[in-house]
A.B. asks: 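This is the structure I have questions about; it appears just below.
Here the structure is a predicted model, which means the values were calculated and not measured.
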Amino acid sequence: MAHDKIKAAARRRMAETGESYAAARREVIREFRAASSSDPAGEPERFAISYKDMGPISTWDDTRRGGGPAGGRIEIDARELRLRMADFKVDVPRASVRRAARSSHQARGTIGVHSKGGRWLANGSADGLVEIEIDPPCHTKRSPTTLFLRMKVSTLIVSLVDPDGFIAAVQRDGVHPHTGSRTE
């Protein structure tokens, strides 16, 4: 990627997320490298996080921190599953994804990013919840959401606009949705 294209993409990202130029540039370069080395087509599949139940102030704040309807997503390619919701970021190796299925978790009006013992809920809606089991567990990136700690992630529950499409994408890579066994 040419320097002028990196600069332009970093400035666009700065305008969208409010990040510093250095942080935006780092993320643009990281995303470019991930996209160019992962998928033969060069683009990971992206699934939007559902923000249906999030109020306007929370949505604005989430968008300001890089999430919201424009930035909250799960990207999935042959090597990795990447969750981005505001400043919460976690990268899961595809080999660690054991199961992805509809979740019966009751959010009880809770929105945002919450954890309890390695189990993470990242949602903007109580609908379209998908549970992703991870073994061996991975760790979060350092962020204000994680109190700048790298925290264990063994389960992710995420609200998605297209939960069935996401589950089908995980299955295409050889993970059985209910048993977690690899079907290769």
Side-chain angles (χ1 to χ4, degrees), residues 13-14 16-20 22-35 37-38 44-51 53-54 58-59 61-101 103 105-108 110-126 128-161 163 166-167 169-170 173 175 180:
R13 184 174 174 92
M14 283 175 55
E16 293 171 2
T17 65
E19 295 174 322
S20 68
R25 185 177 187 279
R26 263 193 314 273
E27 194 64 21
V28 164
I29 291 170
R30 191 200 62 75
E31 288 177 0
F32 173 77
R33 286 181 180 158
S37 66
S38 61
E45 286 186 77
R46 293 181 180 209
F47 297 91
I49 292 177
S50 173
Y51 286 89
D53 298 336
M54 195 175 263
S58 295
T59 302
D61 183 53
D62 207 55
T63 301
R64 184 183 61 80
R65 292 182 293 130
R73 66 193 182 278
I74 287 186
E75 295 175 347
I76 191 170
D77 61 32
R79 295 182 347 174
E80 212 170 39
L81 179 146
R82 292 176 291 282
L83 171 63
R84 302 293 185 259
M85 185 171 178
D87 65 350
F88 180 73
K89 296 177 171 87
V90 66
D91 299 335
V92 180
R94 287 303 299 271
S96 295
V97 175
R98 295 294 169 229
R99 187 174 81 89
S103 177
H105 180 80
Q106 298 296 314
R108 295 185 178 92
T110 301
I111 55 169
V113 178
H114 309 278
S115 76
K116 182 178 183 183
R119 186 176 172 92
W120 288 82
L121 172 65
N123 71 323
S125 173
L129 294 177
V130 173
E131 187 167 329
I132 306 158
E133 290 180 8
I134 303 162
D135 187 35
C138 61
H139 291 83
T140 64
K141 305 263 186 209
R142 297 176 194 271
S143 72
T145 300
T146 64
L147 304 174
F148 297 101
L149 300 171
R150 287 178 39 84
M151 299 178 77
K152 179 178 149 183
V153 180
S154 56
T155 303
L156 285 170
I157 300 173
V158 185
S159 65
L160 295 172
V161 172
F166 173 78
I167 292 167
V170 171
D173 192 42
V175 176

A.B. asks: Tell me if the NZ atom of Lys152 is crowded by more than 12 foreign heavy atoms within 6.0 Å.
C.D. replies: no

A.B. asks: Can you confirm whether Arg84 sits close enough to Ile49 that some side-chain heavy atom of one is under 4.5 Å from a side-chain heavy atom of the other?
C.D. replies: no

A.B. asks: In Å, rounded to the nearest 0.5 Å, how long is the span from OG of Ser115 to CG of Leu147?
C.D. replies: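 If I round to the nearest 0.5 Å, the distance is 8.5 Å.
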
A.B. asks: Should Arg30 and Glu27 count as an ion pair when the cut-off is N to O under 4.0 Å?
C.D. replies: yes

A.B. asks: Do Val153 and Val92 pass the side-chain contact (heavy atoms from CB on, under 4.5 Å) test, and can you show the C-alpha distance, the side-chain angles, and the key distance before you say yes or no?
C.D. replies: CA-CA 9 Å; Val153 180; Val92 180; 5.5 Å; no

A.B. asks: Can you check salt bridge (Lys or Arg N to Asp or Glu O under 4.0 Å) on Arg99 and Glu133, steps first, answer last?
C.D. replies: CA-CA 5 Å; Arg99 187 174 81 89; Glu133 290 180 8; 3.0 Å; yes

A.B. asks: Counting C-beta onward and ignoring hydrogens, is there a side-chain heavy-atom pair between Asp87 and Lys141 closer than 4.5 Å?
C.D. replies: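 A side-chain contact under 4.5 Å is absent here.
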
A.B. asks: Could you pull out the closest heavy-atom pair between Val90 and His139, with the gap in Å?
C.D. replies: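 Reported closest heavy-atom pair: CG2-O, 3.8 Å.
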
A.B. asks: Taking side chain as C-beta onward, heavy atoms only, is Thr140 less than 4.5 Å from Thr145?
C.D. replies: no

A.B. asks: Verify side-chain contact (heavy atoms from CB on, under 4.5 Å) between Glu131 and Arg119, making sure each step is shown before the conclusion.
C.D. replies: CA-CA 10 Å; Glu131 187 167 329; Arg119 186 176 172 92; 3.5 Å; yes

A.B. asks: Less than 4.5 Å apart, any side-chain heavy atom of Val161 and any of Ser50?
C.D. replies: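 They are in contact (side-chain heavy atoms under 4.5 Å apart), so the answer is yes.
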
A.B. asks: Nearest 0.5 Å please: distance from the CD1 atom of Ile74 over to the CD atom of Glu45.
C.D. replies: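 Taking CD1 in Ile74 and CD in Glu45, the distance rounds to 12.0 Å.
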
A.B. asks: Could you measure the distance from the NE2 atom of His105 to the CD1 atom of Ile157? Nearest 0.5 Å is fine.
C.D. replies: 5.0 Å

A.B. asks: Checking Asn123 against Met85 for the side-chain contact (heavy atoms from CB on, under 4.5 Å) test, could you report, in this order, the C-alpha distance in whole Å, the side-chain angles of both residues, the deciding distance, and whether it holds?
C.D. replies: CA-CA 9 Å; Asn123 71 323; Met85 185 171 178; 5.6 Å; no

A.B. asks: Determine whether Phe166 and Leu81 make a side-chain contact, defined as any pair of heavy atoms from C-beta on separated by less than 4.5 Å.
C.D. replies: yes

A.B. asks: Any heavy-atom pair between the side chains of Arg73 and Glu75 that's under 4.5 Å?
C.D. replies: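 The answer is yes, as the side chains (C-beta and beyond) meet within the 4.5 Å cut-off.
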
